[in-house]
Amino acid sequence: VQLQAYGGGLVQTGGSLRLSCTASGRTFSSYVMGWFRQAPGKEREFVAAISWSGGSTRYADSVKGRFTISRDNAKNTVYLQMNSLKPEDTAVYYCAAGPNVAGVRQAYDYWGQGTLVTISS
């Protein structure tokens with residue numbers, strides 16, 4: 001499966017942004033989808049994941065209550081709604097696909113190219 005993430009941009013602190021990730025192929029609905037991010041000089045970290053049905057989600061503690069992951073299997077798209085953004089949310093955001101709802105990079109087999117999110121203070 002090929003993934004294309006988009007929707008990044010420059011937002012002020014406290015603002016909102018919605019990222020999208022569209023997948024090619026007819027098996028999108030069978031994959032768990034995740035979002036990760038990588039800030040300059042830091043390792044890529046888990047942000048959120050959603051099961052194939054959308055019935056199960058998982059979030060990093062740092063984004064709980066602010067970010068919401070969702071998916072539309074009819075559109076082969078997963079979303080990350082980001083609210084109350086902080087400067088520390090600045091990073092390149094990647095979407096990924098894998099078999100399990102997990103918070104580690106190794107659990108995901110396919111990756112998108114990333115979209116840059118910059119939060120100004």
Side-chain angles (χ1 to χ4, degrees):
V1 61
Q2 293 184 326
L3 305 174
Q4 178 79 30
Y6 53 97
L10 174 63
V11 179
Q12 290 186 335
T13 296
S16 298
L17 204 59
R18 188 176 82 158
L19 305 183
S20 302
C21 174
T22 300
S24 62
R26 294 175 290 179
T27 59
F28 172 78
S29 61
S30 65
Y31 285 100
V32 167
M33 297 300 298
W35 285 97
F36 286 73
R37 66 186 182 186
Q38 187 167 15
K42 295 188 177 181
E43 293 189 356
R44 193 171 300 186
E45 65 175 5
F46 171 75
V47 175
I50 187 167
S51 63
W52 65 271
S53 67
S56 178
T57 57
R58 179 173 177 172
Y59 296 93
D61 288 343
S62 59
V63 306
K64 280 181 182 176
R66 300 189 299 122
F67 290 11
T68 303
I69 189 171
S70 61
R71 67 189 296 162
D72 185 338
N73 288 340
K75 296 182 178 180
N76 279 12
T77 301
V78 61
Y79 305 97
L80 185 68
Q81 177 66 45
M82 305 185 295
N83 299 328
S84 302
L85 285 161
K86 306 174 182 179
E88 51 263 42
D89 294 318
T90 294
V92 176
Y93 283 71
Y94 298 88
C95 58
N100 299 303
V101 177
V104 293
R105 293 178 59 181
Q106 293 81 358
Y108 295 84
D109 301 316
Y110 303 97
W111 292 83
Q113 86 293 353
T115 184
L116 177 62
V117 172
T118 304
I119 312 303
S120 63
S121 57

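Fair warning: this is a prediction, and the values are worked out from it, not measured in the lab.
If you chain together hydrophobic residues whose side chains sit under 4.5 Å apart, Leu17 and Met33 fall into the same group. Side-chain heavy atoms closer than 4.5 Å link hydrophobic residues (I, L, V, M, F, W, Y) into clusters, and following such links, even through other members, never connects Tyr6 to Val1. Cluster annotation: Leu19 and Leu85 are assigned to the same hydrophobic cluster (Ile/Leu/Val/Met/Phe/Trp/Tyr, side-chain heavy-atom contacts under 4.5 Å, transitive). The hydrophobic cluster containing Tyr108 does not contain Val47, counting ILVMFWY residues as joined when their side-chain heavy atoms lie under 4.5 angstrom apart, directly or transitively. With hydrophobic clusters built from ILVMFWY side chains whose heavy atoms lie under 4.5 angstrom apart, Val78 does not share a cluster with Val32.
Looking at Arg37 and Ser62, their side chains come closer than 4.5 Å, going by heavy atoms from C-beta outward.
Using cut-offs of 30° and 60° for the angle between ring planes, the Phe67 and Tyr93 rings count as tilted.
Note that CZ of Arg58 and OG of Ser51 are 13.0 Å apart. Values are rounded to the nearest 0.5 Å. Considering CG of Leu80 and OH of Tyr59, their distance stands at 7.5 Å, rounded to 0.5 Å.
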Open item on the list: The test is salt bridge (Lys or Arg N to Asp or Glu O under 4.0 Å); show your working for Lys64 and Asp61 and say whether it passes.
Closed with: CA-CA 5 Å; Lys64 280 181 182 176; Asp61 288 343; 3.2 Å; yes
- [ ] Take Asp89 and Arg66 through the side-chain contact (heavy atoms from CB on, under 4.5 Å) test and state the conclusion after the steps.
- [x] CA-CA 11 Å; Asp89 294 318; Arg66 300 189 299 122; 2.7 Å; yes
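Considering every non-hydrogen atom in both Phe28 and Ala23, the closest pair reads CD1-CB, 3.3 Å. Residues Ala97 and Leu3 come closest through the heavy atom pair N-CD1, 3.8 Å. In terms of heavy-atom proximity, Phe46 sits nearest to Ala102 at CE1-O, 3.4 Å.
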Listing, residues 110-121 side-chain donor-acceptor contacts under 3.5 Å, not counting sequence neighbours, or none:
residue, atom, partner, partner atom, Å
Gln113, OE1, Ala5, N, 3.3
Gln113, NE2, Ala5, O, 2.8
Thr115, OG1, Gly8, N, 3.0

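Under the 3.5 Å distance criterion, with hydrogens and angles disregarded, a donor-acceptor pair is assigned to the side chains of Asn83 and Ser16.
At least one test fails for Arg105 against the ring of Tyr94: distance under 6.0 Å to the centre or angle within 45° of the axis. By the 6.0 Å and 45° rule, Arg18 stacks over the aromatic ring of Tyr79.
The environment of Gln81 atom CD is dense: over 12 non-hydrogen atoms of other residues, nucleotides or ligands sit within 6.0 angstrom.
Under a 3.5 Å cut-off, the side chain of Asn76 and the backbone N or O of Ser24 do not form any donor-acceptor pair. With hydrogens and angles ignored, the 3.5 Å screen pairs no side-chain donor or acceptor of Arg44 with any backbone N or O of Val92. Between the side chain of Asn73 and the main chain of Trp52, a donor-acceptor pair closer than 3.5 Å is present.
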